[in-house]
Amino acid sequence: MNIWRNLSARKKLIDTFKSAGLYLTFGENRVYPKIHSVKSTERATEYVFTLPNGLDPALIKKNYFAFVQHFGKSIELDGEYKRYTLSVRSKAPAELPYDFEEIKPFIDDYKLGIVCGIDRKGHYVAFDLTIQPHILIAGETGSGKSTQLRSILTTLIKTKKPSELELYLGDCKKSEFHLFRKVEHVKCVYSSSSDIRSMLDQVKRELDERSDLTELFEVGHIDDLPAEHRRPYIVVCIDEFVMLRKDEDIMDILTEIVAIGRTLGVFAILSMQRPSAKVLDTTIRANLTVSMGFKLRDITESKIVNTPNAHMIEHSGYFIMNSNKVYGLQAPYLRMEKAKELLNPFMVSKRQPKKVEPATEILTEKDVFLDAID
Ligand SMILES: Nc1ncnc2c1ncn2[C@@H]1O[C@H](COP(=O)(O)OP(=O)(O)OP(=O)(O)O)[C@@H](O)[C@H]1O
């Protein structure tokens, strides 16, 4: 950071201290918090400062608004008692291009690495699906759900061998998963509820077999089975699963997957446009340990998904994630063309590829939100 930029950044922070009343007064003199460092990267500027002894730290919380007034909403202020770090996200890069080489180090140590996005400090946030199993992705149309699914699945495919990971994909909108159809890891891509039911029956049989095996070998986790009985991880991913809500068999199997799948190596990623308490207010919701709330319609939806303030999001590709902690994140943007390029080495010609017809009609509110209208 050049000297001029550094000085003007410091001045801005001191102006904030002034307007927030964050100083001690001795006669005519004011003592402001001490700014120890100002570091800028392409994505964020980070200020570290300490309060002078005797200044009430509660003033920071009370006058947080002054930081927002000076630096905007994309800030994070961490610290307690004396030392604080203010991170100011640079004017949002309109997008965070998906870059596999850049994200790989963040998932190298994970069995099933999920890269979520970058936080306000410009740091990648990632987790291991085998530890935090089952993801709910919600957001209104155009908010960035499908793009996130695309990047999650592409990353999984690029990091696991087909012998280590099998994907079962349900594409209720018939719009997204066709690009994965010929990927070697992908067992099937189905779109009608009867096909999805048979796909889930197959997963259910696998769950039962795995359950028998763990019992037989007296192990608590599928990964502890003898090598000759090891099974690949399974990820079942269903885009717009609300459309299947009236099929009790499907909902029963999905409930079973999220309830007992973790130790059996079977995981679910479910997405929905309009979160419905009716569909989610079941064991399914309780077991979806990670929620990603892209732009939602209102506070009720934010509550259902458990992603506070997701209805306040202004841009596609931004979301609130709630796992053990709540994060505000920007998702990597993986365009369809780039995804095809990355997936190309994994394509095989399958004997009877199941065709997913492109949508012939536009999805209506009624299709997706029937339960809200019922
Ligand atoms: N991570 C991202 N960064 C920047 N822009 C994004 C990102 N993800 C999506 N977008 C923008 O939002 C548009 C819609 O994205 P996407 O198709 O993923 O939304 P969606 O929520 O799945 O919508 P629908 O439910 O209608 O399919 C994209 O065409 C792109 O312009």
Side-chain angles (χ1 to χ4, degrees), residues 42-43 74 89-100 102-103 106 114-120 122-126 135-155 169-180 189 191 237-245 269-276 279 291-298 301-302 304-305 307 310-321 327-340 342-343 356-370 372:
E42 206 184 309
R43 294 192 184 129
S74 299
R89 175 102 151 254
S90 312
K91 284 267 176 276
E95 57 181 67
L96 167 69
Y98 177 98
D99 179 342
F100 181 72
E102 189 177 61
I103 62 182
F106 297 91
I114 305 288
V115 171
C116 314
I118 53 165
D119 64 14
R120 287 193 176 142
H123 300 155
Y124 272 100
V125 173
I135 308 174
L136 170 66
I137 302 181
E140 62 179 34
T141 180
S143 60
K145 299 176 303 295
S146 308
T147 307
Q148 182 75 330
L149 279 176
R150 190 185 303 149
S151 95
I152 287 176
L153 294 175
T154 304
T155 307
L169 307 180
D171 192 0
C172 300
K173 286 191 307 195
K174 301 183 186 172
S175 61
E176 181 55 30
F177 292 153
H178 54 87
L179 93 144
F180 296 106
V189 179
S191 53
C237 184
I238 303 185
D239 194 15
E240 207 48 73
F241 87 105
V242 178
M243 291 175 76
L244 306 170
R245 73 202 173 285
I269 304 178
L270 305 177
S271 93
M272 63 200 312
Q273 242 179 56
R274 179 105 187 254
S276 141
V279 175
S291 309
M292 296 182 181
F294 285 76
K295 167 94 177 103
L296 293 169
R297 291 192 179 198
D298 52 36
E301 290 192 354
S302 294
I304 294 171
V305 182
T307 49
H311 57 288
M312 315 269 273
I313 291 171
E314 287 166 5
H315 305 284
S316 303
Y318 282 84
F319 66 105
I320 306 290
M321 179 166 103
Y327 305 81
L329 300 174
Q330 182 179 7
Y333 188 19
L334 176 58
R335 288 189 155 75
M336 185 70 92
E337 286 314 309
K338 173 89 187 277
K340 281 183 187 160
L342 292 173
L343 294 170
V356 176
E357 301 291 347
T360 44
E361 20 181 333
I362 296 170
L363 204 63
T364 65
E365 287 239 326
K366 204 160 164 253
D367 293 326
V368 182
F369 314 139
L370 245 188

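Counting convention: from 1, in listed order, for ligands and their atoms alike. Values below: every heavy atom of this structure, side chains too, minus hydrogens, waters and symmetry copies.
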Query - Geometric class of the Phe294/Phe319 ring pair [parallel <30°, tilted 30-60°, perpendicular >60°] - result: parallel

Query raised in the report: Which ligand 1 atoms, with their elements, are less than 4.0 angstrom from a heavy-atom of Gln273?
Result: 25 (O)

Requested in this report: May I ask whether Glu140 has any heavy atom positioned less than 4.0 angstrom from an atom of ligand 1?
Outcome: yes

Report task. May I ask you to list the atoms of ligand 1 that are less than 4.0 angstrom from any heavy atom of Ser146? Result -> 18 (O), 20 (P), 22 (O), 27 (O)

Query raised in the report: Which atoms of ligand 1 have any heavy atom of Ser143 under 4.0 Å away?
Result: 19 (O), 20 (P), 21 (O)

**Report entry** Distance-minimising heavy-atom pair for Gly170 and Phe177
**Finding:** O-CE1, 3.4 Å

**Report entry** Part of Gln330 within contact of ligand 1 (heavy atoms, under 4.0 Å)
**Finding:** neither

Requested in this report: Give the ring-plane orientation class for Tyr318 versus His315, where under 30° counts as parallel, over 60° as perpendicular and anything between as tilted.
Outcome: tilted

Report task. For the pair Ser291 (side chain) and Val305 (backbone), establish whether a donor and an acceptor sit closer than 3.5 Å, ignoring hydrogens and angles. Result -> yes

Query raised in the report: Going by the atom numbers of ligand 1, which of them fall below 4.0 Å from some non-hydrogen atom of Pro332?
Result: 1 (N)

Query raised in the report: Would one find an N or O of Ala331, backbone or side chain, under 3.5 Å from an N or O of ligand 1?
Result: yes

Report task. State the atoms of ligand 1, each with its element, that fall below the 4.0 Å cut-off from a heavy-atom position in Thr147. Result -> 8 (N), 9 (C), 15 (O), 16 (P), 18 (O)

Query raised in the report: Is Met336 close to Glu176 at the side-chain level, that is, under 4.5 Å between some pair of heavy atoms?
Result: yes

Query raised in the report: Would a 4.5 Å heavy-atom cut-off, applied to side chains only, mark Ile238 and Cys172 as touching?
Result: yes

**Report entry** Residue part near ligand 1, for Lys173, under 4.0 Å between non-hydrogen atoms
**Finding:** side chain

Query raised in the report: Using a distance-only test with no angle check, is there a side-chain donor-acceptor pair under 3.5 angstrom linking Ser316 and Tyr333?
Result: no

Query raised in the report: Purely on distance, is any nitrogen or oxygen of Gly142 under 3.5 Å from one on ligand 1?
Result: yes

